[in-house]
Amino acid sequence: MIVAMDGPAGAGKSTVARLLAERLGFRLIDTGAMYRCVALEGHRRGIDTFAAGAHEQLGEIARTLPIDFRFLDGLNRILLAGEDVTEAIRTAEVSKAASEVSAVPAVRTALVDRQRILGAANDCVMEGRDIGTVVFPEADIKLFLTASLDARSRRRVVQSGVHASASAEVTREIADRDARDMGRAVAPLRKADDAIEVDTTHLELDQVIDLVLGLVTARRS
Ligand code: DC
């Protein structure tokens, strides 16, 4: 069974997808982490996304980079060629670069192929932006998590521990990322017609989990 979970940055997707996968005993596949790994590797190799020839180089990285999802000591870890990069791929710099490389067609083609192989091998919760629209249009259930820009920004401030005075900056970053993710030519972020929209603005985490577990369980039976 494939549970596709899409939505904008900060809607609670990662946490909800992780808890949902745990409760269902499904594999969790965080596709954003794959784009982040490509961005990190591109940065380490000094590739400027906008330079001539960069798209081919980034596409090659996306095709060949050894990316592993491991569950170690009770935590989901991301390994890049054996190196644990779980924290390194979460910096603001990599977030911005990931959003940029995710607009490169060669990167998307390569990662979508890899995601289809990963998803076909296991029952999984696959989290991203285009899972229900492009990667698995035939997913058993499609969930689209949203929340207001304000709520998403507030959560990000609490999560990342930045000072509340930086909240305007965080809001701007999220809005910029939304614009890039929704505005790009290839596989822009959008709700699939048959996806169920879950607006988490006024819900606590356990309410969201109960709601999505109920939806998946109903679909399973
Ligand atoms: O979910 P995230 O913030 O870790 O994603 C990082 C970037 O990758 C984000 O800008 C959107 C992009 N992305 C994408 O284009 N398609 C996906 N399936 C997953 C993420």
Side-chain angles (χ1 to χ4, degrees), residues 2-21 27-43 49-50 55 58-59 61-62 65 67 69 76-78 80 85-119 124-137 139 142-147 149 152-153 155-157 159-160 170-192 195 200:
I2 293 172
V3 179
M5 189 174 300
D6 293 302
K13 254 182 322 150
S14 306
T15 311
V16 173
R18 177 171 52 76
L19 294 173
L20 184 63
R27 182 149 191 226
L28 171 67
I29 300 169
D30 171 3
T31 61
M34 300 172 82
Y35 289 94
R36 287 171 181 272
C37 283
V38 173
L40 179 64
E41 183 66 19
H43 176 71
T49 312
F50 303 105
H55 287 195
L58 290 166
I61 291 175
L65 193 66
I67 303 171
F69 294 93
N76 288 292
R77 314 296 304 177
I78 317 291
L80 193 166
V85 293
T86 315
E87 279 80 32
I89 59 170
R90 298 286 155 199
T91 64
E93 197 182 17
V94 175
S95 300
K96 183 165 179 282
S99 175
E100 289 165 0
V101 304
S102 71
V104 175
V107 171
R108 297 208 75 85
T109 308
L111 292 187
V112 167
D113 280 351
R114 295 177 70 167
Q115 288 154 13
R116 287 188 177 140
I117 293 169
L118 285 169
C124 68
V125 176
M126 191 173 283
E127 179 220 324
R129 303 288 192 288
D130 60 341
I131 312 306
T133 50
V134 175
V135 184
F136 283 109
K142 302 179 186 179
L143 303 168
F144 193 83
L145 255 65
T146 59
L149 181 60
R152 292 189 284 138
S153 169
R155 288 176 195 161
R156 195 41 64 87
V157 167
Q159 247 174 25
S160 56
V170 172
T171 305
R172 203 168 34 247
E173 270 170 25
I174 296 180
D176 283 354
R177 208 130 78 83
D178 281 357
R180 271 198 303 270
D181 292 346
M182 292 179 195
R184 66 173 174 236
V186 205
L189 168 66
R190 79 171 175 83
K191 176 183 161 299
T200 68

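Counting starts at 1 for both ligands and their atoms, following the listed order. Just so you know, these numbers use all the heavy atoms, side chains as well, and skip hydrogens, waters and symmetry mates.
Ion pairing between E41 and R36 fails under the 4.0 Å rule for side-chain N and carboxylate O. A salt bridge links R108 with D130: at least one charged nitrogen is closer than 4.0 Å to a carboxylate oxygen. Between K96 and E100 a salt bridge is recorded (basic side-chain N to carboxylate O distance below 4.0 Å). Between R90 and D30 there is a salt bridge, since a side-chain N of the basic residue sits under 4.0 Å from a carboxylate O of the acidic one. Ion pair R152/D178 flagged as a salt bridge, since at least one NZ, NE, NH1 or NH2 atom sits closer than 4.0 Å to an Asp/Glu carboxylate oxygen.
Residue, atom and distance of the protein heavy atom nearest to atom 7 (C) of ligand 1 are A98 CB, 4.0 Å. The protein heavy atom nearest to atom 1 (O) of ligand 1 is R129 NH1, 2.8 Å. With hydrogens left out, the protein atom closest to atom 5 (O) of ligand 1 is G32 CA, 3.6 Å, a heavy atom. Protein heavy atom closest to atom 4 (O) of ligand 1, with residue, atom name and distance, is R36 NE, 2.7 Å. If you check which protein heavy atom lies closest to atom 16 (N) of ligand 1, you get R108 NH2, 3.0 Å. From the protein, the heavy atom lying nearest to atom 19 (C) of ligand 1 is T31 OG1, 3.4 Å. The single protein non-hydrogen atom nearest to atom 8 (O) of ligand 1 is Y35 CB, 3.6 Å, given as residue, atom name and distance.
The ligand atoms of ligand 1 that sit less than 4.0 angstrom from a heavy atom of S102 are 12 (C), 15 (O). Near R184, meaning under 4.0 Å from any of its heavy atoms, are these atoms of ligand 1: 14 (C), 15 (O).
Of all the heavy atoms of A9, none lies under 4.0 Å from any atom of ligand 1, so neither backbone nor side chain is involved. Proximity of E100 to ligand 1, defined as any heavy-atom pair under 4.0 Å, is not found for any part of the residue. With a heavy-atom cut-off of 4.0 Å, R90 touches ligand 1 through its side chain alone. With a 4.0 Å heavy-atom cut-off, ligand 1 is reached by no atom of R180.
Residue D130 has at least one N or O atom closer than 3.5 Å to an N or O atom of ligand 1. For ligand 1, none of its N or O atoms has an N or O atom of S95 under 3.5 Å away.
For H55, the NE2 atom is densely surrounded, since the number of other residues' heavy atoms within 6.0 Å is greater than 12.
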